[in-house]
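Working notes for the structure below.
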Amino acid sequence: MQKVSLNLGADSKAYLKGYCLEENPTTAQVSYPTVLVVPGGGFQKIPYQEMDRICLAFANAGYQAFYLRYHLLGEIEGALMPTPLLDLAEAIRTLREKEKDWHMNGDLTLMGLSIGGSIVSLYNGCFMREEFLEKANLTKEQAMPNRIVLGYPVTSYDKDFPKTEELQAQMTTTPAQLDSSKLVNKESKPTFLWTTWEDQVLDLTHSLDYVKALKENDVPGEVHIFDHGPHGLGLADARTTLQGDDHVAHWFSLCLEWMRRN
């Protein structure tokens, strides 16, 4: 296994980091599916240790696994969005270019946690739109993922997040345009979503509204709302949290099964 890191532009604070499996002479496998994880952190920090451990979990399951370090508040002039969304597009363009070097087979899963779930769910409503593709310098074929995974996602900026008007203004000047539930369409990709009933940071409607939009647009999905557990559990075991829950931790094996089927 090789650890890789690549900046997404000479003057950019965004970069890709992850773990790549090598060719396997025992099984003759020369390429692997890819997972790109977009972390949470409220646009104020990146949980690097958690990202490493999530990527290693996917690598151990047979995936080339990367995470995106996107731009944070205070790193650009003006409102932050849509810069992290364009960071994701640039990361995907880079992965497409590196498919041969990094032994990837073209199968791409995008996973977003918390605020990273906002970036990924917005992408799931934008990657097919000409205006976005032009801005992102991608063809539709390059931009298109195979599936989406969302964990306790933010899907709107005018419910209970951000917590203050000042923070909202730093994040976006157009919060109504960042409701990812309203961007879901027939071309959006199959989505696995999980969250917890007891999440005290985000109201459950962030997940429910997105799931409803998927259903209304006939987009395949799988949803798990676990009874207990706070926001931000990651793998929901000792690798990423002190508040692990054996039941909630099943999300990872359920997700892997779903990914293989969709």
Counting N and O atoms only, with roles assigned by atom type, does the side chain of [X] sit under 3.5 Å from a partner on the main chain of [Y], one being a donor and the other an acceptor?
| X | Y | value |
| --- | --- | --- |
| Arg261 | Glu257 | no |
| Ser12 | Ala14 | yes |
| Gln29 | Ser31 | yes |
| Gln64 | Leu21 | yes |
| Asp245 | Ala236 | no |
| Glu198 | His228 | no |
| Ser121 | Ile119 | no |
| Glu97 | Thr94 | no |
| Lys45 | Gly42 | no |
| Ser188 | Val184 | no |

When rounded to the nearest 0.5 angstrom, what distance separates [atom1] in [X] from [atom2] in [Y]?
| X | Y | atom1 | atom2 | result |
| --- | --- | --- | --- | --- |
| Leu80 | Gln44 | CG | CD | 10.5 Å |
| Leu150 | Leu113 | CG | CG | 9.0 Å |
| Asp52 | Thr240 | CG | OG1 | 12.5 Å |
| Ser180 | Asn124 | OG | CG | 9.0 Å |
| Met104 | Phe66 | CE | CZ | 5.0 Å |
| Tyr67 | Tyr19 | OH | OH | 7.5 Å |

* Tell me, yes or no, whether the heavy-atom count around Asp101 atom CG, taken from other residues, nucleotides or ligands under 6.0 Å, exceeds 12. => yes
* **Neighbour count >12 (heavy atoms, 6.0 Å) for atom NZ, Lys100** => no
* To do: Would you check, one step at a time, whether the test side-chain contact (heavy atoms from CB on, under 4.5 Å) holds for Leu202 with Val154?
  => CA-CA 7 Å; Leu202 295 177; Val154 173; 3.6 Å; yes
Any ion pair linking [Y] and [X] (charged N to carboxylate O, less than 4.0 Å)?
| X | Y | result |
| --- | --- | --- |
| Glu187 | Lys140 | yes |
| Glu99 | Arg96 | yes |
| Asp107 | Arg147 | yes |

* Asked: Please walk me through it: do Ser114 and His231 pass side-chain contact (heavy atoms from CB on, under 4.5 Å)?
  -> CA-CA 8 Å; Ser114 192; His231 186 79; 2.8 Å; yes
* **ring-ring contact (aromatic ring centres under 6.0 Å, His included) partner of His224, the single match among Phe252, Trp251, Phe192** =>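 It is Phe192; the other options fail the test.
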Tell me, do [X] and [Y] make a side-chain contact under 4.5 Å, heavy atoms counted?
| X | Y | answer |
| --- | --- | --- |
| Gln200 | Pro230 | no |
| Asn7 | Leu16 | no |
| Met171 | Leu167 | yes |
| Gln170 | Glu166 | yes |
| Met81 | Thr173 | no |
| Lys186 | Asp218 | yes |
| Leu36 | Leu88 | yes |
| Leu204 | Asp199 | no |

* Please test Val4 against Trp102 for side-chain contact (heavy atoms from CB on, under 4.5 Å), starting from the C-alpha separation and ending with a verdict. => CA-CA 9 Å; Val4 298; Trp102 289 348; 4.1 Å; yes
Could you tell me which non-hydrogen atom of [X] sits nearest to which non-hydrogen atom of [Y], and how far apart they are?
| X | Y | answer |
| --- | --- | --- |
| Lys189 | Val219 | O-CG1, 3.4 Å |
| Pro84 | His71 | CG-O, 3.7 Å |
| Ser207 | Pro153 | OG-CD, 3.5 Å |
| Met51 | Pro39 | SD-CB, 3.3 Å |
| Leu133 | Ala143 | CD2-CB, 3.5 Å |
| Ala79 | Ala169 | CB-O, 3.9 Å |

* Structure fact -> Sorted by chain and number, sequence neighbours left out, side chain to side chain donor-acceptor pair (under 3.5 Å) with Gln177 holds for none
* To do: Applying side-chain contact (heavy atoms from CB on, under 4.5 Å), run through Ile46 and Tyr70 and close with a yes or a no.
  => CA-CA 9 Å; Ile46 300 290; Tyr70 49 79; 3.8 Å; yes
Within one Ile-Leu-Val-Met-Phe-Trp-Tyr cluster: [X] and [Y], side-chain cutoff 4.5 Å:
| X | Y | value |
| --- | --- | --- |
| Trp258 | Val223 | yes |
| Leu68 | Leu235 | yes |
| Val30 | Tyr32 | no |
| Met259 | Val211 | yes |
| Leu72 | Leu8 | yes |

* **Residue pair Glu90, Arg93: steps toward the salt bridge (Lys or Arg N to Asp or Glu O under 4.0 Å) verdict** => CA-CA 5 Å; Glu90 180 63 17; Arg93 188 184 67 79; 2.4 Å; yes
* To do: Would you please say whether a donor-acceptor pair under 3.5 Å links the side chains of Ser156 and His206?
  =>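 Judged by distance alone, the side chains do not pair up.
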* Which word best sums up how the rings of Tyr157 and Phe43 line up, parallel for under 30°, tilted for 30 to 60°, or perpendicular for over 60°? ->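 Aromatic pair Tyr157/Phe43 classed parallel.
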* Any idea how Trp194 and Phe226 line up, ring-wise: parallel (<30°), tilted (30 to 60°), or perpendicular (>60°)? -> perpendicular
* Tyr123-Phe132 aromatic ring centre distance below 6.0 Å -> yes
